[in-house]
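All residue numbers in this chain count up from 1 along the given sequence. Since this is a predicted model, take the numbers as computed values, not measurements.
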Amino acid sequence: MSEFLGGKDGWIDNPAAVEETMNDLPFPVFQDVWQPLKDTGKGKCVLLYDFIKRASGGKFPARKQTVGDCVAQGAAYAVDAVKSVDIIINKEFEEWVAETATEDIYAGSRVQIGGGRLRGDGSIGAWAARYVNEYGALPRGKYGNVDLTTYSGSKARSWGRTGAGVPKSLIPKAKQHPILTVSKVTTYEEVRDLISNGYAVTIASNQGFSSRRDSEGFAAPKGNWAHQMCILGVDDKHKRPGVLVQNSWGKWNAGPKRHDQPDGSFWVDAEEIEKRILSKGDSWAFSGYEGFKPRKLNTRII
């Protein structure tokens with residue numbers, strides 16, 4: 001394995017590493033297993049952040065990264081979303097506990113999955129997806145002498161730059177909570193159908209967006225970010241079909257909102273999300289199950 005430099009903004013565009021990771025996945029491309037869900041999201045509005053709010057008692061995680069660990073931030077939001085659906089709809093967890101930690105996902109993506117090839121900050125979306133699939137994810141809390149109660153960018157950076165990566169004591173605990181299926185997504189229709197069935201999607205690209213939302217809550221493409229985020233909603237019945245993108249920069253943007261969307265989020269038009277982000281080839285669907293099954297969601301479908 002060759003060594004390469006990490007991206008200063010947190011996401012590294014490396015198609016070869018994505019392809020290498022996909023070789024180890026049972027369902028590497030969502031297109032191959034899409035049929036049971038195909039077109040189930042047509043004309044629907046489903047807001048996964050509502051599930052997170054309900055499961056957590058109203059405390060939506062307002063993530064604000066301090067280092068280039070956006071890949072873990074986006075992945076953690078996706079874990080929170082599918083975990084919340086399991087709690088609210090499928091009754092598969094007894095309680096929320098806490099938002100998903102990011103330090104282990106970041107370090108694990110770089111070291112346990114990436115083999116320690118990176119220098120500087122940053123990681124690859126496929127590596128984070130593979131990590132939560134193979135190693136799992138932890139809610140924030142104390143694990144012996146390891147304290148993950150609150151976010152620490154310095155801890156994420158330190159773990160991610162050492163040969164060991166995630167502390168060995170955490171691995172067995174994390175493996176109790178895996179995301180059972182991850183698959184690459186490339187079209188708006190795939191995202192629409194996934195979100196409408198309670199599955200979350202991480203997105204990564206070099207596309208930036210305006211810090212000012214328009215009158216309908218949408219942000220226009222603007223500038224360049226080497227960045228990963230998470231899709232936590234879809235509105236396919238609106239006159240402008242699109243998805244709700246959640247960022248990890250705290251309250252960084254402003255402007256009108258729709259559907260009581262969280263701070264730091266913005267809507268993106270369907271054609272823009274496909275053309276400018278999904279086409280980069282490092283966006284991933286997270287399932288709570290072995291495979292993607294149609295599900296009826298008792299949520300705010302508008």
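- Of all heavy-atom pairs between Thr202 and Gly74, the closest is CG2-O, 3.5 Å.
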Using atom types as modelled, flag every donor-acceptor pair under 3.5 Å from a side chain in residues 185-195 to any protein atom, sequence neighbours excluded.
unit_1: Thr187; atom_1: OG1; unit_2: Glu190; atom_2: N; d: 3.1
unit_1: Tyr188; atom_1: OH; unit_2: Asp236; atom_2: OD1; d: 2.6
unit_1: Glu190; atom_1: OE1; unit_2: Thr186; atom_2: N; d: 2.8
unit_1: Arg192; atom_1: NH2; unit_2: Asp39; atom_2: OD1; d: 3.3
unit_1: Asp193; atom_1: OD1; unit_2: Gly41; atom_2: N; d: 2.9
unit_1: Asp193; atom_1: OD2; unit_2: Trp34; atom_2: NE1; d: 3.0
unit_1: Asp193; atom_1: OD2; unit_2: Asp39; atom_2: N; d: 2.7

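- Atom CG of Asn247 and atom OG of Ser265 lie 9.5 Å apart (nearest 0.5 Å).
- Across all their heavy atoms, Trp96 and Ala55 have their closest contact at CB-O, 3.2 Å.
- Taking 4.0 Å as the cut-off between side-chain N and carboxylate O, Lys275 and Glu271 do not count as a salt-bridged pair.
- Relative to the six-membered ring of Trp267, Arg258 meets both conditions, a distance below 6.0 Å and an angle of at most 45° to the axis.
- Of the N and O atoms on the side chains of Tyr143 and Asp104, not one donor lies less than 3.5 Å from an acceptor on the other residue.
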One pair to check against side-chain contact (heavy atoms from CB on, under 4.5 Å): Trp284 and Leu25. What are the steps and the verdict? CA-CA 12 Å; Trp284 296 85; Leu25 297 174; 3.6 Å; yes
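- Residues passing the side chain to side chain donor-acceptor pair (under 3.5 Å) test with Ser154, sequence neighbours excluded: Ser152.
- Ring-centre distance between Phe60 and Tyr77: below the 6.0 Å cut-off.
- Between Ala98 and Arg140, the shortest heavy-atom contact is CB-O, 3.4 Å.
- Considering Phe218, Trp249, Phe266 in turn, Phe266 is the only one that fulfils the ring pair (Phe, Tyr, Trp, His ring centres under 6.0 Å) rule with Phe209.
- Residues meeting the side chain to side chain donor-acceptor pair (under 3.5 Å) test with Lys239, sequence neighbours left out: Glu216.
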